[in-house]
Amino acid sequence: MTNVKKLWLFLAFLLFVSFGVLIWSGNQIYQQAPPMPEKVVTTDGNLIYSRDEIEKGRQVWQSFGGMQLGSIWGHGGYVAPDWSADWMHRELMALLNLWANRDYGVESFELANAEQQAALQGRLKSLVRKNTYNPDTGVITLSLDRVKAITQVSEHYQRLFSDEPSTAELREAYAMKNNTVTDPENRRVLSAFFWWTAWATMTNRIDGDITYTNNWPNEPLIDNKPPASMFLWSAFSVTFLLAGIGLMGWYYAASHGKEEATSKLPVTDPMRELRPTPSMMATAKYFWVLLALFLVQILLGAVTAHYQVEGQVMYGFELSKILPYSITRTWHTQLAVLWIALAWLATGLYIGPAVSGYEPPYQRFGVNLLWLCLLVIVVGAFTGQWFAVNQTLGLEHNFWFGHQGWEYADIGRFWQWFLFIGLLLWLCLVGRSLWPTLRQPSESRSIIGLLFLSTVAIGLFFGAALVWNEHTHISMVEYWRWWLVHLWVEGFFEVFATAVIAFLFTRLGLIPVKTATVAVLFATIIFMSGGVIGTLHHLYFVGSPTPVLALGASFSALEVVPLAYIGFEAYHNYTLGHATEWMKRYRWPIMFFVAVAFWNLVGAGLFGFLINPPLSLYYMQGLNLTPLHGHTALFGVYGMLGIGLTLFCIRGIKPDLIWPEGTLKASFWCFNIGLALMALLTLLPLGVMQLFASLNHGYWYARSADFMQQPVVDLLVWMRVPGDTIFAVGALLLAWFILSLWIKPKYEGGQQRG
């Protein structure tokens, strides 16, 4: 049995076991998620909330942007508070103030002496930690004092989501537009949903001593702190990381220098002889749309960041009346995924005929049809979201055509189905162009097979977005949502890109096919060994039981292992870029691959592991250390990779052009310098400040207006301007570079044709 066959068998076994564990974990989350009560009543039997009201409140929350305006259980936006943590703290303080006034005759809890405060806090913890949910009747029973506190907090939220002057300053601090929820009844039921999410964070599981969210968030008033299991599995995750790095080091030392060398490098560029087919040429329009989406995404990112300092206006203009914060952030995050995915989709359509040399019938028609479908999806989905956030679509239509409220999975279900069908069309177009090569035995068959299988996975795994419905339990929505975000975007797209890059290098004659095949299969195994089960590290605080937390902690640590040696990949790619004189043609695509390796190490590796262990994430989830990892990994890795693939494809579409190297060089360094400044001048220091605030005062305070409206925070946000500006210049230079290849082409030999 050959090494390649052994690797294939091991990969198949690994995926079978990993997905088995992931599905088992989903069942555990389903069984032990916080219960949705049929009724919430007082001790004397009066109804507080019904299940229908809580469910409708969730629909209201989703309709105005959901996770794009504040967060729930730590997942979502960062300017408005985490609503579950904010509600919990307000309810706890309302109870303490009520008791302090009634029992000790003081105006508020803060005015009681230390002994009185300790007694009240002990009483508070006993009250709110006790689980009064009856599984047989589905009823939660609450004391009359607690109902008074709930009523007080509910009234606050109803004022906040209206246009009442008393909460205007807070709305501005939270970047909320006036009348975020226009209907008074919808504002009332919205508070029911917020209460339920907070109830899960402070109520112990039945027959348990930790809450449904594993004692998250940190709240000193009721001694909400990490359970012992979190310390244990965080320590184990570090141990697994060190063991994995050690094994990887051993493998590298054992295999280094044994790679099969290329006997002779090609004298001329082998890809130069490739004549683009009509369908390959038709992919050019994908890259034009990609640039447009990228530029709009950057513009919306600037607007979204500015809302953090001015709230509802932009340099005096009341922009929130037209483009509220939740819309600009929605479109900003979605466009990031869309333009990067578009780069990979276009690469697949280009590379299929390039691999096989076969142009299937009507392939160009299919490429053009898919392009039109993608345009319709973007325009239709974004229009529906705008109507939803402005509360003009109606709750009955929101789920299908408006805003689902789930970060990175916001578009309406109709548009998700449309996109899924489009991905299946893409799968068919790429698959049928690759099929002739797959059927013929060859050295490169394994690389092409992995390319084909990753294409299948990309097409099918978007189906995870279609599993939940409008009333699926929020814990299960989160479970499936991370299948989409983690496995689809971070998993199979990366395998696809790895296979494409390996194919390109083998076709250029720089790497022997056998060496590339083993390297790609090994890299896929290493990534998937932690990547599949590592999905669970996103689910520590959404109702997951301890075994799921343990699995997530252990295997997410393994995700970092291959990144520890990513420098070797960077150096290897860099040396390939200087292997022959004609490789200067590919210098900048390869430099973007080198940047991918660097940001993989820093953004995904260093900043990723900073927040991944359970104990770290307990204090950091939803703070600015999370977007520190998100920005540097999403653009630094996947964005740079998308640009590199785009440049490779354009080099093939326009093989005879002289590239304006200076423009591309400036763009490259603007991207890297701008991203580094954004991370180091704003996201990192602000995240560290929030971390200290969370440790000292509780998570609610780190996300509160009192903290986020400090002058030093405003200063840190303004310090994004240099980095953001440099980054935007890089995007404009890239757009001009690609545009100039069509409008001002310069051909080799000094000729210039219009």
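Of the N and O atoms on the side chains of Ser71 and Asp82, at least one donor lies less than 3.5 Å from an acceptor on the other residue. Side-chain contact, Trp482 with His538: no donor N or O sits under 3.5 Å from an acceptor N or O. Checked by atom type, the side-chain pair Asp44/Thr42 shows a donor-acceptor distance below 3.5 Å. Side-chain polar atoms of Gln334 and Asp410 form a donor-acceptor pair below 3.5 angstrom. If you check the side chains of Trp415 and Gln385, you find no donor sitting under 3.5 Å from an acceptor.
Applying the side-chain hydrogen bond (donor to acceptor under 3.5 Å, both in side chains) rule to Trp480 yields no partners; only residues at least two apart in sequence or on another chain are considered. Shown here are the ring pair (Phe, Tyr, Trp, His ring centres under 6.0 Å) partners of Phe382, two or more places apart in sequence or in another chain: Trp331. Residues satisfying the side-chain contact (heavy atoms from CB on, under 4.5 Å) test with Ser475, not counting sequence neighbours, are Ile29, Ala33, Pro34, Trp73, His473. By the side-chain contact (heavy atoms from CB on, under 4.5 Å) test, Val181 is found to be paired with Val60, Phe64, Phe161, Asn186, Arg187, Leu190, Gln391, residues two or more places apart in sequence or in another chain being considered. Residues passing the side-chain hydrogen bond (donor to acceptor under 3.5 Å, both in side chains) test with Gln152, sequence neighbours excluded: none.
Side-chain atoms of Asn390 do not come within 3.5 Å of backbone N or O of Thr392 as any donor-acceptor pair. Of the possible donor and acceptor atoms, one in the side chain of Asn224 sits under 3.5 Å from a partner among the backbone N and O of Pro217. Judged by distance alone, the side chain of Ser154 and the main-chain N or O of Ile150 form no donor-acceptor pair under 3.5 Å.
At a threshold of 4.0 Å, the pair Arg481-Glu478 counts as salt-bridged, since one of the basic side-chain nitrogens sits closer than that to a carboxylate oxygen.
Here the rule is side chain to side chain contact (heavy atoms under 4.5 Å, CB included) with Trp87, and of Tyr157, Trp700, Phe193, Trp199 only Tyr157 fits it.
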Tabulate below the donor-acceptor pairs under 3.5 Å that side-chain atoms of residues 540-549 make, not counting sequence neighbours, or state none.
residue, atom, partner, partner atom, Å
Tyr540, OH, Ala553, N, 3.3
Tyr540, OH, Asn612, O, 3.1
Ser544, OG, Leu539, O, 2.4

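Ring centroid separation for the pair Tyr699 and Trp216 comes in under the 6.0 Å cut-off.
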